[in-house]
Amino acid sequence: MKINGNYANIQQSYLFSTVAAKVKQYSQEHPQADIIKLGIGDVTLPLCSAVCDAMHAAVDEMGVQETFKGYGPEQGYGFLKEALVSYYAGKGVTLMPDEIFISDGAKSDLGNILDLFDRDNTVLVPDPVYPVYVDTNIMDGRRIIFADANESNGFLPMPDKDTDADIIYICSPNNPTGAVYNKQQLKAWVDYALARQALILFDAAYEAFISGDLPTSIYQIEGAQECAIEFCSFSKTAGFTGTRCGYTVVPAGLERGGMKLNKMWLRRQTTKFNGVPYIVQKGAAAVFSPEGQKQIRQNIAYYKNNAQVIARTMRELGIWFTGGENSPYIWLKCPGGMKSWDFFDYLLEKANVVGTPGSGFGKNGECFFRLTAFGDAGRTLEATERIKKLIKNDFRG
Ligand code: MLT
């Protein structure tokens, strides 16, 4: 019997598990510490009432013989897919319900989609970015190359015609930097993928945080339906991190190696996945009701206000940062040229504030740090007061 030896090539623990373990150990050693967590991007506001009402009604349906549901369609109920078709129509994107697959979240689908692809593909991943793209490909033993994102390109790397990539990850708004591609920039990626017959895996998990005239879906770009799969989630949009619901769009016409990827993904999902609970899908569909939209937009505004509170603090301290405008993350340069994990320890020990070390998102994240705006407003303000006091004292004194 042989195990998957590729596991020997990944970091021993997933970034956010490492952060959680360090914080747990610190709080065990310092039980009095009042720790404020601005690390993992986990929401704190409760599900909105439109979602809860729909879920309650669905629970009642499940308790009655006539409306009880057993196994549902693995790829999602029609009512949720239709709601998504209308949501995309609002973006000027025409989709068919069968192009949408409901799942338990973008993270799972981003990992699972790799079932469809040969291991002998070269994968292009931006650096820094959400660590799941790299880890899942290392697990499969694929060759990974990196597109450097840094201050000089505004953390938005562009295609290089000499780079030979088969699978390209794009995360816009980017996790962790908050950088968002405009239409011309995304068009350059689509053209690159079409020219090479490569495939873009587009992570739109933070699309609801975009304000202004920036693309919120890769399918707003001409030609993308022939070269891109899009992943999205209700986690950050509507507070479903614990409830679990997301979706993946695989265009019907998308073909590689003579195979329709939509058919392959359907086959994969119907074989390996049993669908998202009816109650959860009912809640997710309520996100698209007029009341649901109003309520989730209020929650997003609340988080964006937290981002502004953090941003103001960085400006006051003269700390370079980006993000926070179209994303729930502030991406900052560690003061005094500190390394990311050193700054993590320093903030945890001296201010009892938890963030995420930038180096966990890639080598270009070294000496950077991410703070999330998904916290409680009062606690976020408290965290910024602590950071202000500490940095002023130690670096600006
Ligand atoms: C993050 O903090 O980057 C996200 O919460 C991780 C995730 O969405 O899985």
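Residues Leu347 and Arg386 form no side-chain contact, since every pair of their non-hydrogen atoms from C-beta on lies 4.5 Å or further apart. Side-chain contact between Asp148 and Lys363 is present, with at least one heavy-atom pair separated by less than 4.5 Å. In this structure the side chain of Ile100 never reaches within 4.5 angstrom of the side chain of Gln75, judged on heavy atoms. Looking at heavy atoms from C-beta onward, Pro357 lies in side-chain contact with Val19 at the 4.5 angstrom threshold. The shortest side-chain heavy-atom distance between Asn174 and Phe361 does not fall under the 4.5 Å cut-off. Between Leu261 and Met264, some side-chain heavy-atom pair lies under the 4.5 Å cut-off. Taking the side chain as every heavy atom from C-beta outward, Trp341 and Thr18 approach each other to under 4.5 Å. A heavy-atom distance below 4.5 Å is found between the side chains of Phe344 and Val23.
Taking CG of Leu254 as the start and CG of Leu199 as the end, the distance is 6.0 Å to the nearest 0.5 Å. Atoms CG and NZ, on Leu381 and Lys388 in that order, are 7.5 Å from each other to the nearest 0.5 Å. A distance of 4.5 Å separates CG of Asp345 from NZ of Lys22, quoted to the nearest 0.5 Å. From Arg256, atom CZ reaches atom CG of Asp118 across 15.0 Å, with rounding to the nearest 0.5 Å. How far CG of Asp376 is from CG of Leu38: 10.0 Å, rounded to the nearest 0.5 Å. The structure places CG of Asp160 at 9.0 Å from CD1 of Ile145, a figure rounded to the nearest 0.5 Å.
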### Task
Decide yes or no on side-chain contact (heavy atoms from CB on, under 4.5 Å) for Thr271 and Glu74, but give the supporting numbers first.
CA-CA 9 Å; Thr271 308; Glu74 293 89 346; over 6 Å; no
### Task
Please assess Glu207 against Ser217 for the test side chain to side chain donor-acceptor pair (under 3.5 Å), listing each intermediate value before the final yes or no.
CA-CA 7 Å; Glu207 58 89 23; Ser217 164; over 6 Å; no
### Task
Go through Ser49 and Gln295 one step at a time and tell me if the side-chain contact (heavy atoms from CB on, under 4.5 Å) criterion holds.
CA-CA 8 Å; Ser49 63; Gln295 292 169 354; 2.9 Å; yes
### Task
Please assess Tyr206 against Tyr329 for the test ring pair (Phe, Tyr, Trp, His ring centres under 6.0 Å), listing each intermediate value before the final yes or no.
CA-CA 10 Å; Tyr206 298 93; Tyr329 300 124; 5.3 Å; yes
### Message
Using the rule given for side-chain contact (heavy atoms from CB on, under 4.5 Å), can you reason through Glu61 versus Phe68, listing the C-alpha separation, both sets of side-chain angles and the distance that settles it, and then say yes or no?
### Response
CA-CA 6 Å; Glu61 282 184 64; Phe68 168 76; over 6 Å; no
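With sequence neighbours left out, Met55 forms a side chain to side chain contact (heavy atoms under 4.5 Å, CB included) with Leu47, Val51, Thr243, Ile279, Val280. The ring pair (Phe, Tyr, Trp, His ring centres under 6.0 Å) check on Tyr219 picks up nothing, with sequence neighbours excluded. Every side chain to side chain contact (heavy atoms under 4.5 Å, CB included) that Ala205 has, sequence neighbours left out, goes to Asp203.
When atom types are taken as modelled, the side chain of Ser172 and the backbone of Tyr181 share a donor-acceptor pair closer than 3.5 angstrom. A donor-acceptor distance shorter than 3.5 angstrom exists from the side chain of Ser86 to the backbone of Glu82, with no hydrogens or angles considered. Put simply, the side chain of Thr356 gets close to the backbone of Gly39: a donor and an acceptor are under 3.5 Å apart. Listed for the Arg142 side chain is a donor-acceptor partner under 3.5 Å among the backbone atoms of Phe117. For Tyr133 (side chain) and Leu110 (main-chain N/O), no donor-acceptor pair under 3.5 Å exists by modelled atom type. Judged purely by atom type and a 3.5 angstrom limit, Asp127 uses its side chain to pair as donor or acceptor with the backbone of Asn364. Between the side chain of Asn262 and the backbone N or O of Val250, at least one donor-acceptor pair lies under 3.5 Å. One N or O on the side chain of Asp166 and one on the backbone of Thr122 form a donor-acceptor pair closer than 3.5 Å. Using a distance-only test at 3.5 Å, with no hydrogens or angles considered, a donor-acceptor pair links the side chain of Gln185 to the main chain of Asn182. Looking only at distances, no side-chain donor or acceptor of Arg268 sits under 3.5 Å from a matching main-chain atom of Leu116.
Using a 3.5 Å distance cut-off with no hydrogens or angles, the side chains of Glu99 and Tyr88 do not pair a donor with an acceptor. For the residue pair Asn6 / Asn4, a side-chain donor-acceptor distance below 3.5 Å is found, with atom types taken as modelled. For the 3.5 Å distance criterion, the side chains of Ser235 and Lys107 fail to qualify, holding no donor opposite an acceptor.
The shortest heavy-atom contact between Ala54 and Ala286 is CB-CB, 3.6 Å. Cys232 and Ala106 make their closest contact through O-CB, 3.9 Å (heavy atoms, listed as atom of the first residue, atom of the second, distance). Between Asp140 and Arg119, the closest heavy-atom pair is O-CD, 3.3 Å. The minimum heavy-atom distance between Gly253 and Lys260, with the atom names listed, is CA-NZ, 4.5 Å. The heavy-atom pair separating Gly365 from Ser340 by the smallest distance is O-OG, 3.2 Å. Smallest separation of non-hydrogen atoms from Phe273 and Asp104: CZ-N, 3.9 Å.
Classified by interplanar angle (parallel below 30°, tilted 30° to 60°, perpendicular above 60°), the ring pair Trp320/Phe155 is tilted. Ring-plane geometry between Tyr26 and His30 is classed as parallel, the angle between the planes falling under 30 degrees on a 0 to 90 degree scale with a further cut at 60. By the 30° and 60° cut-offs, the orientation of the rings of Phe240 relative to Phe234 is tilted. Relative orientation of the Phe79 and Tyr278 rings is perpendicular, given thresholds of 30° and 60° on the angle between their planes.
Ile229 and Val249 are assigned to two separate hydrophobic clusters, defined by single-linkage of ILVMFWY side chains at heavy-atom distances under 4.5 Å. If you chain together hydrophobic residues whose side chains sit under 4.5 Å apart, Tyr247 and Ile113 never meet in one group. Criterion: ILVMFWY side-chain heavy atoms under 4.5 Å apart, direct or through other members. Under it, Val93 and Ile170 are part of a common hydrophobic cluster. Under the 4.5 Å side-chain heavy-atom criterion for ILVMFWY residues, a single connected hydrophobic cluster contains both Trp331 and Phe343. When hydrophobic clusters are built by joining Ile, Leu, Val, Met, Phe, Trp and Tyr residues whose side-chain heavy atoms come closer than 4.5 Å, directly or via intermediates, Phe231 is not grouped with Leu84.
Counting non-hydrogen atoms of other residues, nucleotides and ligands closer than 6.0 Å to CD of Glu151 gives a total above 12. Crowding of Gln293 atom CD: a count of heavy atoms from other residues, nucleotides or ligands under 6.0 Å exceeding 12. In Lys69, the NZ atom is crowded: over 12 heavy atoms of neighbouring residues, nucleotides or ligands sit closer than 6.0 Å. A 6.0 Å sphere centred on NZ of Lys37 holds no more than 12 heavy atoms belonging to other residues, nucleotides or ligands.
A salt bridge links Asp34 to Arg379: at least one charged side-chain nitrogen sits closer than 4.0 Å to a carboxylate oxygen. With salt bridges taken as basic N to acidic carboxylate O contacts below 4.0 Å, none links Glu316 and Arg312. Here Lys272 pairs with Asp115 in a salt bridge; the nearest charged N to carboxylate O distance falls below 4.0 Å.
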